[in-house]
*Asks:* 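This is the structure I want to talk about, given as structure tokens.
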Amino acid sequence: MTDDRHDDAVLLRLIRLASPALPVGGFSYSDGLESAVESGRVTDGKSALAWLVDQLHLALGCADLAAVGHGMTAWTNRDANAVAALNSWVVTTRETAESRAQALQMGRSMAQWLRLGHADDARLAILDALRPAPSWPVAFALAGALSGACPRDALLAYAAGWAENMSQAAMRAVPLGQSDGQRLVAGLQPEIVVAVDAALATPFDAMQAFTPMLAILSSQHEAQYSRLFRS
């Protein structure tokens with residue numbers, strides 16, 4: 001009988017990282033979805049899925065997922081300069097104050113959470129030294145490296161966690177029922193595989209963060225009269 005206990009442990013760590021219950025505050029953000037609902041661009045489950053598929057490929061895949069992949073390589077190699085360059089890229093390419101604040105808040109929270117189980121790992125000092133703060137993709141990349149997972153599996157976990165959070169946001173903002181929320185997650189799953197594979201093939205100098213409509217909606221959300229989410 002093959003001993004798969006190590007693989008089981010890695011899988012369980014990734015499930016934990018992908019969980020919306022991870023104490024990093026992801027549940028409090030909608031990544032612009034609430035503004036899309038307010039503007040009438042998202043009105044039901046079908047339009048919510050279409051919106052999130054586009055966001056996955058045009059925003060998350062080209063930026064965050066690629067950043068996590070490069071971040072895992074940098075952390076594995078203990079390359080502090082590469083980590084700092086990647087963190088700077090993530091922070092400077094956030095197109096609005098809301099999205100920048102989200103990336104930094106979630107990154108700081110992940111750094112605090114990682115100290116609970118990896119306080120002796122020297123890479124945490126590198127993470128803490130990042131300015132203005134660790135960003136969410138860079139901090140998640142370290143969590144992925146510490147889990148022992150391969151980059152592809154870590155990116156799948158990152159995207160799965162995003163999908164779960166977005167389905168919960170859609171259920172509250174559109175609103176949708178629980179079954180519709182699960183249909184969103186199911187509809188996103190095959191698209192996640194495509195986005196992850198594309199992200200892994202993206203060189204650092206080909207990463208991009210250019211989503212004008214999402215940036216406009218995020219800016220509008222900053223002054224939206226009534227809102228449930230922080231972005």
Side-chain angles (χ1 to χ4, degrees), residues 4-27 29-31 33 48-77 83 86 89-90 102-103 106-107 109-110 113-114 117-118 123 127 134-170 181-204 206-209 211:
D4 291 329
R5 285 178 294 179
H6 176 69
D7 291 341
D8 289 345
V10 172
L11 177 59
L12 287 170
R13 292 186 197 111
L14 287 178
I15 291 172
R16 192 178 181 192
L17 288 175
S19 171
L22 192 71
V24 295
F27 65 89
Y29 299 101
S30 80
D31 282 357
L33 180 61
L49 178 59
W51 177 270
L52 292 174
V53 167
D54 284 346
Q55 187 170 353
L56 171 64
H57 291 296
L58 300 176
L60 200 76
C62 297
D64 283 24
L65 288 176
V68 173
H70 288 291
M72 286 193 68
T73 299
W75 285 120
T76 299
N77 294 336
V83 169
L86 187 62
W89 184 90
V90 172
Q102 176 180 347
M106 292 180 67
S109 296
M110 174 62 88
W113 183 76
L114 287 175
H118 305 280
R123 287 173 290 186
L127 187 68
S135 66
W136 170 235
V138 172
F140 189 96
L142 178 55
L146 289 169
S147 76
C150 67
R152 188 172 189 272
D153 287 349
L155 265 65
L156 288 170
Y158 185 99
W162 172 83
E164 289 285 352
N165 277 323
M166 289 302 97
S167 70
Q168 294 296 315
Q182 288 303 306
R183 291 188 188 98
L184 275 184
V185 174
L188 285 168
Q189 285 176 345
E191 302 292 338
I192 284 173
V193 174
V194 175
V196 164
D197 287 338
L200 288 170
T202 302
F204 178 78
M207 291 165 52
Q208 62 177 359
T211 50

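As the structure is a prediction and not an experimental result, all values here were calculated from the model.
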*Asks:* Tell me the closest heavy-atom pair linking Ala67 and Val90, and the distance in Å.
*Replies:*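 Answer, listing the atom of Ala67 first, then Val90: CB-CG2, 4.1 Å.
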*Asks:* Can Trp136 and Asp64 be counted as having a side-chain donor-acceptor contact under 3.5 angstrom?
*Replies:*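 Short answer, no.
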*Asks:* Could you report the tightest heavy-atom contact between Ala139 and Leu127, atom names first, then the distance?
*Replies:*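 Scanning both residues, the minimum pair turns out to be CA-CD1, 3.9 Å.
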*Asks:* Tell me the closest heavy-atom pair linking Ala201 and Pro203, and the distance in Å.
*Replies:*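 Closest heavy-atom pair between Ala201 and Pro203: O-CD, 3.4 Å.
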*Asks:* Please report the C-alpha distance between Trp113 and Leu17 in whole Å, then the side-chain angles of each, then the deciding distance to 0.1 Å, and finally whether the side-chain contact (heavy atoms from CB on, under 4.5 Å) criterion is met.
*Replies:* CA-CA 11 Å; Trp113 183 76; Leu17 288 175; 3.7 Å; yes
*Asks:* Tell me which donor-acceptor pairs under 3.5 Å the side chains of residues 184-192 have, and how far apart each pair is, sequence neighbours excluded?
*Replies:*
from	atom 1	to	atom 2	distance (Å)
Glu191	OE1	His57	NE2	2.7

*Asks:* Quick one, Arg152 with Asp197, criterion side-chain contact (heavy atoms from CB on, under 4.5 Å). Give me CA distance, side-chain angles, the key distance, then yes/no.
*Replies:* CA-CA 8 Å; Arg152 188 172 189 272; Asp197 287 338; 2.8 Å; yes
*Asks:* Would you say the side chain of Val138 lies within less than 4.5 Å of the side chain of Trp75, judging by non-hydrogen atoms?
*Replies:*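 They are in contact (side-chain heavy atoms under 4.5 Å apart), so the answer is yes.
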*Asks:* For the residue pair Met106 and Tyr29, establish whether any side-chain heavy-atom pair is separated by less than 4.5 Å.
*Replies:*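 In contact.
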*Asks:* Which heavy atom of Ala66 sits nearest to which heavy atom of Thr202, and what is that distance?
*Replies:*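 Smallest heavy-atom distance, with atoms named: CB-CB, 4.3 Å.
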*Asks:* Do the side chain of His70 and the main chain of Val83 share a donor and acceptor less than 3.5 angstrom apart?
*Replies:*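 No: the side chain of His70 does not pair with the backbone of Val83.
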*Asks:* Any donor-acceptor pair under 3.5 Å linking the side chain of Ser147 with the backbone of Gly144?
*Replies:*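 Indeed, once roles are kept as given, a pair shorter than 3.5 Å links the two residues.
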*Asks:* Compare all side-chain heavy atoms of Leu142 with those of Arg123 and state whether any distance is below 4.5 angstrom.
*Replies:*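 In short, these two side chains touch, coming nearer than 4.5 Å.
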*Asks:* Between atom OG of Ser19 and atom CD1 of Ile15, what is the distance when rounded to the nearest 0.5 Å?
*Replies:*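 Answer rounded to 0.5 Å: 9.5 Å.
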*Asks:* Taking all heavy atoms of Ala63 and all of Ala209, pick out the closest pair and write down the distance.
*Replies:*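 Looking at all heavy atoms of both residues, the shortest contact is CB-CB, 4.2 Å.
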*Asks:* Quick one: CZ on Phe27 to CG on Asn165, what's the gap to the nearest 0.5 Å?
*Replies:*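 Those atoms lie 9.0 Å apart.
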*Asks:* How long is the straight-line distance from CE of Met166 back to CG of Asp31, given to the nearest 0.5 Å?
*Replies:*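 It is 4.0 Å, given to the nearest 0.5 Å.
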*Asks:* How would you list, by chain and number, every residue that makes a side-chain hydrogen bond (donor to acceptor under 3.5 Å, both in side chains) with Trp89, sequence neighbours excluded?
*Replies:*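 So Trp89 forms no side-chain hydrogen bond (donor to acceptor under 3.5 Å, both in side chains) with any residue.
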*Asks:* Within this structure, what is the CG-CG distance for the pair Leu156 and Leu65, rounded to the nearest 0.5 Å?
*Replies:*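 Going from CG on Leu156 over to CG on Leu65, the span is 9.0 Å.
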*Asks:* Hey, does the side chain of Arg13 reach the backbone of Gly148 with a donor-acceptor pair shorter than 3.5 angstrom?
*Replies:*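 No, the answer is negative, given that no donor and acceptor are paired below the 3.5 Å cut-off.
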*Asks:* Return yes if some donor-acceptor pair links the side-chain N/O of Gln168 with the main-chain N/O of Pro20 below 3.5 Å, else return no.
*Replies:*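 It does not hold such a pair.
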*Asks:* Considering all heavy atoms of both residues, which atom of Ala145 and which atom of Met72 are nearest to each other, and what is their separation?
*Replies:*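 Reported closest heavy-atom pair: N-CE, 3.7 Å.
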*Asks:* Show, in sequence, the C-alpha distance, side-chain angles and deciding distance for Leu86 and Met207, and conclude whether the side-chain contact (heavy atoms from CB on, under 4.5 Å) test is met.
*Replies:* CA-CA 11 Å; Leu86 187 62; Met207 291 165 52; 4.1 Å; yes
*Asks:* Using the side-chain contact (heavy atoms from CB on, under 4.5 Å) rule, take Met110 and Leu22 through it: C-alpha gap first, then chi angles, then the decisive distance, then the call.
*Replies:* CA-CA 9 Å; Met110 174 62 88; Leu22 192 71; 3.7 Å; yes
